[in-house]
Amino acid sequence: MTKLAIMGAMEEEIEPLLAHFTNVNVVEFANNKYYEVSHNGLDIVIAYSKIGKVFASLTATTMIEKFGCDTLLFSGVAGAINPKLKIGDLIIADKLCQHDLDITAFGHPNGFVPGGSVFVETSKELREIAIEVAKENDLKVIEGTIATGDQFVHSTERKEFIESTFKADALEMEGASVAVICDALNVPFFILRAISDSADGGADIDFDEFLKSSAVNSANYLIKIVEKLI
């Protein structure tokens with residue numbers, strides 16, 4: 001590994017990460033800021049993309065193509081679909097899908113476009129490192145399917161559709177687009193989320209209350225994973 005990318009969607013998701021570093025160099029590019037740091041000899045670029053699939057795709061591509069990152073880790077928060085997931089719990093994606101991608105009118109399944117696939121798998125090696133770190137630190141982490149879409153889901157009906165259609169465990173607004181970029185550019189990647197809400201009628205209340213604490217949970221775990229990559 002020559003350079004590591006660490007992404008979040010919101011400023012609140014990368015603030016706990018940046019708190020671990022000093023001597024941060026800020027590079028402004030494409031209406032965004034990229035934070036360059038060094039940690040025990042490893043060069044790292046940290047950025048928050050802004051919310052949604054388009055911004056996440058832009059930021060992931062920039063980190064790989066402009067900054068030369070060859071491994072990408074994503075840290076952030078998500079809504080729970082799996083009832084076993086409680087607020088603050090951690091989930092790492094084994095695969096991701098786009099729940100709002102719909103050309104079923106042409107006979108294709110939800111989440112599929114010709115030339116693509118419904119699911120994109122994450123790096124098995126990075127997942128294994130993450131599970132090892134979780135065991136060493138007595139952290140409860142599950143592996144599961146994460147669904148991505150350009151909407152903040154706070155409807156029980158929509159949540160049930162995503163669960164039944166994709167068998168997803170959690171949902172958010174960036175991961176699958178990052179997955180598509182990394183898969184296409186042959187960059188190993190890893191998506192970590194801490195649960196901030198229940199993706200139902202009370203999701204907006206839960207999210208505001210638990211965003212920061214869940215983001216800290218995710219960031220602290222991610223830093224432990226980074227230590228294993230050095």
Side-chain angles (χ1 to χ4, degrees), residues 7-9 13 49 51-53 56-57 60 72-104 108-113 115-134 139-184 187-200 203 206-207 214-215 217-218 221-222 225:
M7 272 185 68
E13 291 173 324
S49 59
I51 293 169
K53 293 192 292 183
S57 298
L72 190 148
L73 309 180
F74 193 109
S75 173
V77 298
I81 296 178
N82 186 330
K84 294 180 181 178
L85 285 168
K86 308 303 179 187
I87 288 173
D89 285 352
L90 297 162
I91 177 170
I92 55 176
D94 52 17
K95 61 183 183 293
L96 300 103
C97 61
Q98 298 181 66
H99 68 76
D100 62 346
L101 180 53
D102 183 352
I103 56 167
T104 54
H108 298 294
N110 278 285
F112 177 82
V113 292
S117 59
V118 174
F119 296 100
V120 179
E121 294 184 1
T122 59
S123 164
K124 184 173 183 290
E125 181 182 357
L126 291 174
R127 292 201 312 269
E128 288 174 348
I129 291 170
I131 294 300
E132 179 186 349
V133 169
L139 293 171
K140 178 190 173 186
V141 179
I142 77 162
E143 289 183 87
T145 300
I146 293 180
T148 299
D150 273 325
Q151 56 189 240
F152 181 80
V153 175
H154 56 103
S155 155
T156 300
E157 182 182 11
R158 183 64 187 174
K159 177 179 174 179
E160 289 174 350
F161 165 79
I162 296 167
E163 180 180 24
S164 62
T165 305
F166 300 102
K167 303 296 185 286
D169 296 286
L171 53 85
E172 35 88 307
M173 298 179 67
E174 297 83 26
S177 57
V178 173
V180 169
I181 298 299
C182 291
D183 183 62
V187 170
F189 71 100
F190 168 82
I191 309 289
L192 166 68
R193 294 285 187 170
I195 299 302
S196 61
D197 63 86
S198 52
D200 55 20
D206 292 344
F207 185 81
S214 294
N217 286 351
S218 181
Y221 177 41
L222 196 72
I225 293 169

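In this chain, numbering begins with 1 at the start of the sequence shown.
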*Look at the side chain of Y221 and the backbone N and O of V133, then say whether any donor-acceptor pair between them is shorter than 3.5 Å.*
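Side chain of Y221 to backbone of V133, a donor-acceptor pair under 3.5 Å: no, none is there.
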
*For the side chain of S164 and the backbone of F161, is there at least one donor-acceptor N/O pair under 3.5 Å apart?*
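Yes: the side chain of S164 pairs with the backbone of F161.
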
_Residues that F112 engages under ring-ring contact (aromatic ring centres under 6.0 Å, His included), provided they are two or more places apart_ =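 Only H108 meet the ring-ring contact (aromatic ring centres under 6.0 Å, His included) criterion with F112.
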
Return the set of residues passing salt bridge (charged side-chain N to carboxylate O under 4.0 Å, His left out) with [X] (not counting sequence neighbours), or none when no residue passes.
| X | result |
| --- | --- |
| R158 | none |
| E125 | none |
| E128 | K124 |
| K167 | none |

List for me each residue that meets side chain to side chain contact (heavy atoms under 4.5 Å, CB included) alongside [X], sequence neighbours excluded, and say none if there are none.
| X | answer |
| --- | --- |
| T145 | D94, K95, F119, A168, D169 |
| E160 | T156 |
| S117 | V120 |

*Can you list the residues that meet the side chain to side chain donor-acceptor pair (under 3.5 Å) rule with T122, with sequence neighbours excluded?*
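In terms of side chain to side chain donor-acceptor pair (under 3.5 Å), with neighbours along the sequence ignored, T122 is linked to R127.
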
*Could you tell me which residues satisfy side chain to side chain donor-acceptor pair (under 3.5 Å) with T104, sequence neighbours excluded, listed by chain and number?*
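Partners of T104 by the side chain to side chain donor-acceptor pair (under 3.5 Å) criterion, ordered by chain and then number, come out as D102.
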
*Using a 4.5 Å cut-off on heavy atoms from C-beta on, say whether the side chain of F190 contacts that of I225.*
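Yes, close enough: below the 4.5 Å cut-off.
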
*Pairwise side-chain contact, I142 with N82, heavy-atom cut-off 4.5 Å (strictly under)*: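 Yes, their side chains come closer than 4.5 Å.
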
*Shortest non-hydrogen contact from G88 toward N217*: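 For G88 versus N217, the nearest heavy atoms are O-ND2, 3.3 Å.
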
*Closest contact, heavy atoms only, L72 versus A60*: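 So the minimum-distance heavy-atom pair works out to CD1-CB, 4.1 Å.
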
*Just wondering, are more than 12 heavy atoms of other shown residues or ligands nearer than 6.0 Å to CD in E132?*
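Above 12, so yes.
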
Considering only distance and modelled atom types, tabulate donor-acceptor pairs under 3.5 Å from the side chains of residues 170-181, sequence neighbours left out.
| unit_1 | atom_1 | unit_2 | atom_2 | d |
| --- | --- | --- | --- | --- |
| E172 | OE1 | T148 | OG1 | 2.7 |
| E172 | OE1 | E174 | N | 3.1 |
| E172 | OE1 | G175 | N | 3.0 |
| E172 | OE2 | G175 | N | 3.0 |
| E172 | OE2 | R193 | NE | 3.1 |
| E172 | OE2 | R193 | NH2 | 3.0 |
| E174 | OE1 | R193 | NH2 | 2.9 |
| E174 | OE2 | G52 | N | 3.0 |
| S177 | OG | K53 | O | 3.4 |
| S177 | OG | E174 | O | 2.6 |

*Please list all pairs passing the salt bridge (Lys or Arg N to Asp or Glu O under 4.0 Å) test where one or both residues lie in residues 80-89, with sequence neighbours left out.*
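For residues 80-89: D89-K140.
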
